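Computed from a prediction, not measured in an experiment: that's the story for all the values here. In the text below, chain A, chain B and the rest are named by the order of the sequence lines, each starting its count at 1.
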2 protein chains.
Amino acid sequence: MPTIADVARHAQVSPSTVSYVLSGKRSISEDTRERVQSSIRELGYHPHAGARALASSRTSVIALVLPLRSDMYVPVLMQFAVSVVTAARAHGHDVLLLTNDEGPEGLRRVTDGAQVDALIVMDVELDDPRVPVLDELGLPAVLIGVPADPGRLTCIDLDFSATGRCCVEHLAELGHRETVLIGHPGPVYQRGTGFAQRTIEGYREASLDRGLDSAVYPCGHSYDEVHAVLSRVFAEHPEVTGLIVHNEPAQGVLLDVLRRLGKRVPEDLSVVAICPEGTAEAASTPLSAVPIPASAIGQRAVEAVMGKLVEARAEDGSTLLTPQLTVRASSAAVRRD
Amino acid sequence: MPTIADVARHAQVSPSTVSYVLSGKRSISEDTRERVQSSIRELGYHPHAGARALASSRTSVIALVLPLRSDMYVPVLMQFAVSVVTAARAHGHDVLLLTNDEGPEGLRRVTDGAQVDALIVMDVELDDPRVPVLDELGLPAVLIGVPADPGRLTCIDLDFSATGRCCVEHLAELGHRETVLIGHPGPVYQRGTGFAQRTIEGYREASLDRGLDSAVYPCGHSYDEVHAVLSRVFAEHPEVTGLIVHNEPAQGVLLDVLRRLGKRVPEDLSVVAICPEGTAEAASTPLSAVPIPASAIGQRAVEAVMGKLVEARAEDGSTLLTPQLTVRASSAAVRRD
DNA sequence: GCTTCGCGTCGAAGCGCTTCGAAGAGGAGC
DNA sequence: GCTCCTCTTCGAAGCGCTTCGACGCGAAGC
């Protein structure tokens with residue numbers, strides 16, 4: 001592997017000049033710059049990341065902390081990850097993948113060892129032990145998800161409260177008076193998952209505002225669980241005409257179960273989902289849905305991190321993306337007959 | 001941040017001694033070792049990764065190259081990724097996440113820059129442009145998937161040919177004479193995806209061996225596509241009693257469509273899937289299936305990489321894991337009436 | 001004509017660690 | 001008593017890069 005000294009010799013300049021050509025931190029004459037650049041190309045020079053990190057205390061690597069939990073919906077996670085990597089690359093950075101099983105110590109490890117310049121942390125819970133650690137770490141950090149107390153940290157997420165509200169309003173405008181929210185499995189709520197709880201809040205508030213009945217049913221993913229929950233829903237709420245589904249993995253099964261139970265969508269029952277675009281489109285009856293803009297969030301997270309990194313720009317707290325409901329075949333005006 | 005010099009001073013030894021305590025590369029007296037270790041703890045010392053990489057030309061980071069393609073089944077991908085990260089951590093290594101959109105150059109970039117010690121590459125195609133690049137890179141590399149010509153590289157994968165065969169044999173033993181394989185969408189095959197093609201090969205060979213009819217139908221993921229393909233299958237093969245499904249995303253919809261078409265599983269039709277354990281279990285009729293052992297593969301990949309890293313042990317070419325079919329409710333003996 | 005300035009370049013120091021050779025201290029062997 | 005080892009520890013060099021101060025030079029200012 002050629003070093004910067006090799007390049008310097010080849011271009012007949014000093015190593016520092018090569019460095020300045022690369023970083024652009026001092027002006028270099030057109031002439032030398034080209035000479036250096038062609039030497040770099042000719043020798044196939046790539047700066048040694050370790051040496052660079054040592055000298056500049058910058059790694060050009062950001063950490064992405066993924067949850068390992070099985071109850072997170074994987075495709076969304078993956079969209080996040082991919083968009084973060086892509087956006088980071090666009091800014092000349094790489095991504096170090098961490099899972100959560102090291103806990104807060106894992107964060108300390110990589111930052112103390114100067115392995116990363118910044119962190120992006122996913123699946124943040126309302127009362128997340130990582131948040132205080134991140135806050136005191138002092139490195140640029142962005143949370144995907146909003147904890148109860150974000151401290152000085154930047155958060156980015158879909159506005160789930162508005163999302164819940166948005167679903168209610170859509171159904172209300174179609175004339176539905178009684179709706180039910182099919183949620184994530186119980187443990188997700190007990191754990192204090194912000195997005196799940198906020199969705200419920202929004203749902204409840206909006207229902208109250210409009211004087212509509214509301215009810216929340218946590219629900220598992222399997223066919224049997226969905227079947228059991230829906231049976232209970234119809235037994236306990238025979239008048240229900242609107243279903244809001246905030247439980248991605250159950251989505252696929254849900255329409256199937258409804259069919260079995262003799263409910264036609266949207267004739268007997270309107271369904272609104274909160275899930276990735278693709279899932280909503282591919283359903284047997286395409287679902288009216290608020291898409292989860294995973295890619296946009298990932299991208300924003302990277303932008304925020306880069307902002308802090310480059311210009312120590314203090315991001316203005318949380319960014320909550322406005323939900324955008326797309327109407328498809330699964331929701332329709334209630335039939336008054 | 002304390003440096004090794006701070007620790008040395010605190011423990012009243014030289015920096016090199018601290019280094020040897022950390023690396024264990026020379027014997028250190030019980031006494032000093034403990035003194036050094038408690039200084040490390042007390043000061044909260046973490047070695048600077050960049051400095052270490054520079055001095056030792058070892059980064060303790062391995063690259064994981066993920067495909068970005070939308071037609072890969074995401075949950076499996078994620079299982080791979082998570083198991084790779086977990087296994088790597090168990091060996092004291094971190095994982096740098098790369099996507100495929102930089103192509104072979106991306107590999108060069110991270111290796112030339114000495115950012116990683118080794119690479120794990122997923123979703124390798126039969127004729128993958130990254131393979132020759134990896135081969136000449138000289139770094140330890142492990143492929144998940146088996147290209148047509150692996151060169152000197154180590155490959156790890158499920159034995160998909162045996163998997164196809166295994167499914168046929170299971171159905172044959174139940175008395176089925178005519179089976180159909182529902183495969184991935186056409187482009188997956190045209191792209192030269194090893195695992196898809198090998199499954200078909202195994203399926204065809206085993207069918208031939210047993211004198212059974214065979215037919216392959218590529219198939220998309222959406223409800224409509226599955227419906228269309230299955231309708232064609234039953235029109236063109238009215239006698240079919242066994243379905244082998246090698247198309248994870250279609251799995252969910254499939255049973256639903258069969259029900260619509262008036263086919264009972266397993267009474268009219270036995271279904272065998274090739275998919276992750278969880279998917280097979282959660283189906284409305286639990287599926288007899290060959291699970292894709294993503295975690296095991298990821299783990300093995302890391303082991304292989306570590307082997308090469310530590311002892312320059314030349315892994316013995318490809319490792320193909322033997323498929324293990326689990327019988328569930330979706331397959332039964334054919335009814336002769 | 002002399003100072004002043006800015007531009008382009010260089011040299012050297014230093015980032016924090018690993019590692020090699022060597023040195024000091026004691027014990028064993030003759 | 002002297003040599004020869006072994007066991008611990010140290011010192012110094014060096015990994016490849018960035019960055020700061022300085023220097024030389026031509027242009028501008030008086």
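Note on residues 104-117 of chain A: pairs passing side-chain hydrogen bond (donor to acceptor under 3.5 Å, both in side chains), not counting sequence neighbours, are A/T59-A/D117, A/E102-A/R109, A/R108-A/E136, A/R109-B/D94, A/Q115-B/D94.
Under the rule for a side-chain hydrogen bond (donor to acceptor under 3.5 Å, both in side chains), A/R300 has no partner lying at least two apart in sequence or in another chain. B/E34 is linked by a side-chain hydrogen bond (donor to acceptor under 3.5 Å, both in side chains) to nothing, counting only residues two or more places apart in sequence or in another chain. Partners of A/S295 according to the side-chain hydrogen bond (donor to acceptor under 3.5 Å, both in side chains) rule, which considers only residues two or more places apart in sequence or in another chain, do not exist here. Under the rule for a salt bridge (Lys or Arg N to Asp or Glu O under 4.0 Å), the partners of B/R9 that lie at least two apart in sequence or sit in another chain are B/D6. Residues that satisfy the side chain to side chain contact (heavy atoms under 4.5 Å, CB included) test with A/A118, not counting sequence neighbours, are A/I62, A/P140, A/V305, A/L309. The side chain to side chain contact (heavy atoms under 4.5 Å, CB included) test applied to A/P293 returns A/L158, A/A296, A/I297, A/L321, not counting sequence neighbours.
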Sugar-phosphate or base contact per nucleotide [nucleotides 4-11 of chain C; S, B, -; heavy atom under 4.0 Å]
----SBBB
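Of all nucleotides in DNA chain D, those with any atom nearer than 4.0 Å to a heavy atom of chain A start and finish, going 5' to 3', at D/dG16 to D/dA22.
In this structure a side-chain-to-backbone donor-acceptor pair under 3.5 Å is missing from B/D135 to B/P132. Put simply, the side chain of A/R35 gets close to the backbone of A/A11: a donor and an acceptor are under 3.5 Å apart.
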Could you pull out every donor-acceptor pair under 3.5 Å between side chains of residues 40-48 of chain B and any protein atom, sequence neighbours left out?
residue : atom : partner : partner atom : Å
B/E42   : OE2  : B/H10   : NE2          : 3.4
B/H48   : ND1  : B/G50   : N            : 3.0
B/H48   : ND1  : B/A51   : N            : 3.0

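Side chains of A/S16 and A/S19: no donor on one and acceptor on the other come within 3.5 Å. Side-chain contact annotation: A/S29 with A/D31, donor-acceptor N/O pair under 3.5 Å absent.
Comparing the helix axis at one end of the helix from C/dG1-D/dC30 to C/dC30-D/dG1 with that at the other, each defined from 5 consecutive pairs, gives an inter-axis angle of 50° (nearest 10°).
If you check residues 53-60 of chain A against DNA chain C, the residues with a heavy atom closer than 4.0 Å are A/L54, A/A55, listed by number.
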